[in-house]
Amino acid sequence: MLGMGDNMDRTAAMALLTCSIPPSITEDELAAWMARSQASNIPVTWIVRAQMLPLTAQAAKRTGFETPPSLALDLSQNKPNSRQQLRCVINKNRSVWPFLESVVLYGSDSIRHRDTLVEEGIKTIAVDYFDDTHQVTRRPAPPGWPCRSILWGLWELALHSNNHHSFLGTLHRCMHPSLHKGLLIRCVDSAGQRESLLSIRKRYDKNLRWAHRQSQNSKITFISLCDLPIVLQQSSSSALKGSILRAA
């Protein structure tokens, strides 16, 4: 997780790696997954359902982290229907993981109660795709970033908006990151309820090795979902300074 004082190469392309917590995973296994992420120096955003959060929090603590890993609460199951329900869900899960700042909402349902999310300290929300309900964003994101901010204090990210790129297009993005200033997103999701834990682990390790190679051999900087508001704020500040200098 980044701090406001961290210096980042603003010319670098960036990438985000997410991994959904499999319901069949054990605390020992998950702790090992997280340890491999730490050893690779690649921040992974762990997408976790409420029933798996206690196990995930314990696994994270066992890694002895200096900076809390990025955990995003999956609200797709049993979606809160009212503001009060949403507050209760966030507060209950924050009692388990006090660092909760991100949520995920899969499916075609539009985001509801954005103001309540902000009031409860949620700063980022990830969805499959953006709906067409809101065409105006209060704060523009950099070109190539599938992000928007309908309400001040809350950034939204479309996880799968750029997954339709061809293999050659994705390869070109990785080989020439300086030509692609956007955000590259890789998601390790369960392919189905019948997928084995071993299969998911292999895909996770494959993506982690890919991410490590990219971070070592190219100008791609990896961030987590929790980092998103900081990175975008820094980008907006840089763009504003550039505009002022050009005007002068």
Side-chain angles (χ1 to χ4, degrees), residues 1-4 6 8 14-18 20 43-50 53 67-162 182-185 187 223-240:
M1 188 180 300
L2 299 172
M4 287 302 296
D6 293 345
M8 300 190 66
M14 293 190 182
L16 185 146
L17 176 61
T18 73
S20 298
V44 174
T45 296
W46 304 96
I47 299 176
V48 55
R49 293 178 178 175
L53 187 57
T67 301
S70 177
L71 302 188
L73 181 65
D74 185 357
L75 296 177
S76 302
Q77 286 190 333
N78 302 319
K79 299 181 180 69
N81 294 319
S82 67
R83 298 178 190 277
Q84 185 58 33
Q85 287 181 343
L86 182 58
R87 288 191 180 95
C88 290
V89 168
I90 293 174
N91 290 331
K92 180 179 179 180
N93 287 280
R94 186 169 282 137
S95 68
V96 178
W97 186 251
F99 316 102
L100 182 63
E101 294 182 350
S102 304
V103 298
V104 176
L105 184 63
Y106 294 117
S108 58
D109 292 345
S110 59
I111 302 172
R112 301 177 61 189
H113 310 313
R114 286 181 174 86
D115 54 345
T116 303
L117 289 171
V118 174
E119 291 170 2
E120 295 302 324
I122 299 300
K123 299 179 180 179
T124 52
I125 178 168
V127 297
D128 283 322
Y129 306 94
F130 289 145
D131 57 49
D132 296 328
T133 305
H134 298 277
Q135 299 290 343
V136 178
T137 178
R138 290 180 177 270
R139 302 171 66 184
W145 285 63
C147 304
R148 68 182 184 184
S149 179
I150 304 301
L151 186 66
W152 192 266
L154 181 68
W155 278 101
E156 302 170 20
L157 171 70
L159 290 173
H160 300 117
S161 65
N162 60 358
L183 180 68
L184 180 63
I185 302 173
C187 301
I223 64 173
S224 72
L225 190 58
C226 291
D227 296 328
L228 199 64
I230 297 174
V231 173
L232 291 172
Q233 181 175 338
Q234 291 176 344
S235 176
S236 298
S237 299
S238 299
L240 178 59

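Heavy-atom basis, side chains included; hydrogens, waters and symmetry copies ignored.
Under the 3.5 Å distance criterion, the side-chain polar atoms of S149 are matched with a main-chain donor or acceptor of L154.
Taking CD1 of I230 as the reference point, atom CD1 of I223 lies at 10.0 Å (rounded to 0.5 Å). Between atom CD1 of residue I122 and atom CD of residue E101 there is a gap of 7.5 Å, rounded to the nearest 0.5 Å. In this structure, the separation between NZ on K123 and CG on D227 is 11.0 Å, given to the nearest 0.5 Å. How far CG of L225 is from CG of L159: 7.5 Å, rounded to the nearest 0.5 Å. Here CG of L232 is found 5.5 Å from CH2 of W145. Values are rounded to the nearest 0.5 Å. The SG atom of C88 sits 11.0 Å away from the CG atom of N93 when rounded to the nearest 0.5 Å.
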* To do: Please report the C-alpha distance between T116 and I90 in whole Å, then the side-chain angles of each, then the deciding distance to 0.1 Å, and finally whether the side chain to side chain contact (heavy atoms under 4.5 Å, CB included) criterion is met.
  => CA-CA 10 Å; T116 303; I90 293 174; 5.8 Å; no
* Would you check, one step at a time, whether the test side chain to side chain contact (heavy atoms under 4.5 Å, CB included) holds for S102 with T45? => CA-CA 10 Å; S102 304; T45 296; over 6 Å; no
* To do: Could you check V89 against L73 for side chain to side chain contact (heavy atoms under 4.5 Å, CB included), going step by step and ending with a plain yes or no?
  => CA-CA 10 Å; V89 168; L73 181 65; 4.2 Å; yes
* Stepwise, does the side chain to side chain contact (heavy atoms under 4.5 Å, CB included) test hold for I185 with L157? -> CA-CA 10 Å; I185 302 173; L157 171 70; 3.8 Å; yes
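For W155 against P229, the heavy-atom pair with the smallest separation is CD1-CA, 3.9 Å. Closest of all the heavy-atom pairs between A141 and C147 is CB-O, 3.7 Å. Here the closest heavy-atom approach between residue Y129 and residue A158 is recorded as CA-CB, 4.2 Å. Residues L71 and L53 approach most closely at CD1-CD1, 4.0 Å, considering heavy atoms.
Contact annotation: the side chain of V44 never approaches that of P69 to less than 4.5 Å [non-hydrogen atoms, C-beta and beyond]. Looking only at side-chain heavy atoms (C-beta outward), I150 and F130 stay at 4.5 Å or farther from each other. Using a 4.5 Å heavy-atom threshold, the side chains of R114 and E156 count as touching. Contact check for L86 versus L75: side-chain heavy atoms found under the 4.5 Å cut-off.
Scanning for salt bridge (charged side-chain N to carboxylate O under 4.0 Å, His left out) contacts around K92 gives an empty result, with sequence neighbours left out. Residues satisfying the salt bridge (charged side-chain N to carboxylate O under 4.0 Å, His left out) criterion with E120, sequence neighbours excluded, are R87. Residues forming a side chain to side chain donor-acceptor pair (under 3.5 Å) with D115 (at least two apart in sequence, or on another chain): R83. S76 is linked by a side chain to side chain donor-acceptor pair (under 3.5 Å) to D74, counting only residues two or more places apart in sequence or in another chain. The side chain to side chain contact (heavy atoms under 4.5 Å, CB included) test applied to S20 returns I47, Y106, D189, not counting sequence neighbours. Not a single salt bridge (charged side-chain N to carboxylate O under 4.0 Å, His left out) links R94 to another residue, sequence neighbours left out.
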